[in-house]
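Take a look at the structure below.
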Amino acid sequence: MGSKEIGRRLFIKGASSAVLGLAVTPLCNMNLSFADAQKANSLEYRILGRTGLKVTAVSMGVMNCSDPSVLHRAFDLGINFYDTAHSYMGGRNEEMMGKAFRGKRDKVFIQTKFRVGTEKETRKSVETSLQRLQTDYVDVLLAHSLKKPDEVNDPALIRFLQAMKKEGKARFTGFSTHADMAPLLREAAKSSFHDVALTSYNFTHSNDLKEAVALARNSGIGIVAMKTQAGGYKASDMGGLSPHQAALKYVLLDQHVAVAVPGVTTIQQIEELAAVMGTALSRKDLDELRQYESHLQGRICTMCGGCIGECPHGVAHSDLLRAVMYRDGYKDDKLAREVLRTERALQQIKLCSDCSSCAITCSRGLDIHARLKEVHRMFS
Ligand code: SF4
Ligand code: SF4
């Protein structure tokens, strides 16, 4: 058994005994006997659950990228899985991907998403996505951002996804989730319907999510991890700290994850992250992650799931607080406003603005009420 495997075993042991309270993340008690980082200079492939697709473990979240040369560089590096959505950049993201991969369609796996609406709306959304992507089919089609477990196996959604497969518009189907991820994954694991789940997953999340990911994977679902960088802060905002390789290594240590799709906007970022494939988490990485965790404490909602469902008015506040992460971490005001533009978000902002104080306590030290006020200001 190599030192890297020993490192992985110890990691899993340390991580699984770590969550003693909601504020405690798996980092706190992690065993320090790690292998030193090894640069493998190679691609690492994993199988995406029951789809059988052989995907590069580090792939690309295209959401915020507007520069096709980044996609070309990712392709040249050998990365083969790309995640977008109908709504990203008002459709320009899919259009850019369609142009960038013209003539290369059979060499990449494309995953896109649609917002659930009426059958007519969702069908139109998928057909528009296919036109923008300049393809007859996508490899993975996901229902975008499901919120509640009962949405996962909704008969109308299942019928629609089955129809998309039958019509040849999607090879495989599933859903994405940003909030309350563990219950949704557990629900999905009860049936063999979904092929793929795209879930937020990073070092700030509790073992509850780790266990739900394992359960879903063991039921056959291919796990795609997003929000792997826990906020995307730049080194210049963190006194030179650059924990992004470490954050990605942490996620990929979980062998139940088939592929991570960190959001990438520059060639430098994709080169830095692709280099993680085939390397192990080192002591230095762990140290950087701990510093990063301190930086995030009280700053953004990392969607750790610790207070899901606590709002007495049913507000999914971590969904609203995602806008703060996009503004402060990604420095993308436009995207921040975009996530607040849905009818549901507007209703929730109204509920929060009518609330004199927030009933929720964030175990990660976030002043939720103050942050929700910022969301309200952003919106207005
Ligand atoms: S508000 Fe705090 S406890 Fe709640 S999900 Fe966000 S980081 Fe976790
Ligand atoms: S401010 Fe009020 S409505 Fe908004 S999340 Fe907090 S308790 Fe819920």
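Model, not experiment: these values are computed from the prediction. Order of appearance sets the numbers: ligands from 1, and atoms from 1 within every ligand.
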Exercise for review: For atom 8 (Fe) of ligand 1, check which protein N, O or S atoms are under 2.8 Å away and list them.
Suggested key: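 The answer is C304 SG.
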Check your understanding: Under 2.8 Å from atom 2 (Fe) of ligand 2, which protein atoms of type N, O or S occur, listed by chain and number?
Key ->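 Under 2.8 Å from atom 2 (Fe) of ligand 2 - ignoring waters, which are not counted - the protein N, O or S atoms are C355 SG.
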**Study point:** Close side-chain approach of I79 to R73, heavy-atom, < 4.5 Å
**Key:** no
Review point. Hey, which atoms in ligand 1 end up nearer than 4.0 Å to a heavy atom of I368?
Key: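 Ligand 1 atoms under the 4.0 Å threshold to I368: 1 (S).
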Review point. Would you call R123 and E119 a salt bridge, taking side-chain N to carboxylate O under 4.0 Å as the test?
Key: yes
Practice item. Using only heavy-atom distances, determine whether the side chains of H369 and S357 contain a donor-acceptor pair under 3.5 Å. Key: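 Result is no, nothing qualifies.
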Check your understanding: Does a side chain donor of either S145 or K147 reach within less than 3.5 Å of an acceptor in the other side chain?
Key ->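 Result is yes, a qualifying pair exists.
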Point to revise | Any donor-acceptor N/O pair, N218 side chain to A214 backbone, under 3.5 Å | key: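 Yes; judged by distance alone, with no hydrogens or angles, the pair exists.
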Point to revise | Under 3.5 Å donor-acceptor, Y292 side chain and A230 backbone | key: yes
Review point. When the ring planes of H194 and F175 are compared, do they come out parallel, tilted or perpendicular, using 30° and 60° as the limits?
Key: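 Judged by the thresholds at 30° and 60°, the geometry between H194 and F175 is perpendicular.
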Exercise for review: Kindly assign one of parallel, tilted or perpendicular to the pair F160 and F114, based on the angle between their ring planes and the thresholds 30° and 60°.
Suggested key: perpendicular
Check your understanding: Looking at residues at least two apart in the chain, or sitting in another chain, which of them share a ring-ring contact (aromatic ring centres under 6.0 Å, His included) with H256?
Key -> none
Review point. Who are the ring-ring contact (aromatic ring centres under 6.0 Å, His included) partners of F75, not counting sequence neighbours?
Key: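 Not a single residue meets the ring-ring contact (aromatic ring centres under 6.0 Å, His included) criterion with F75.
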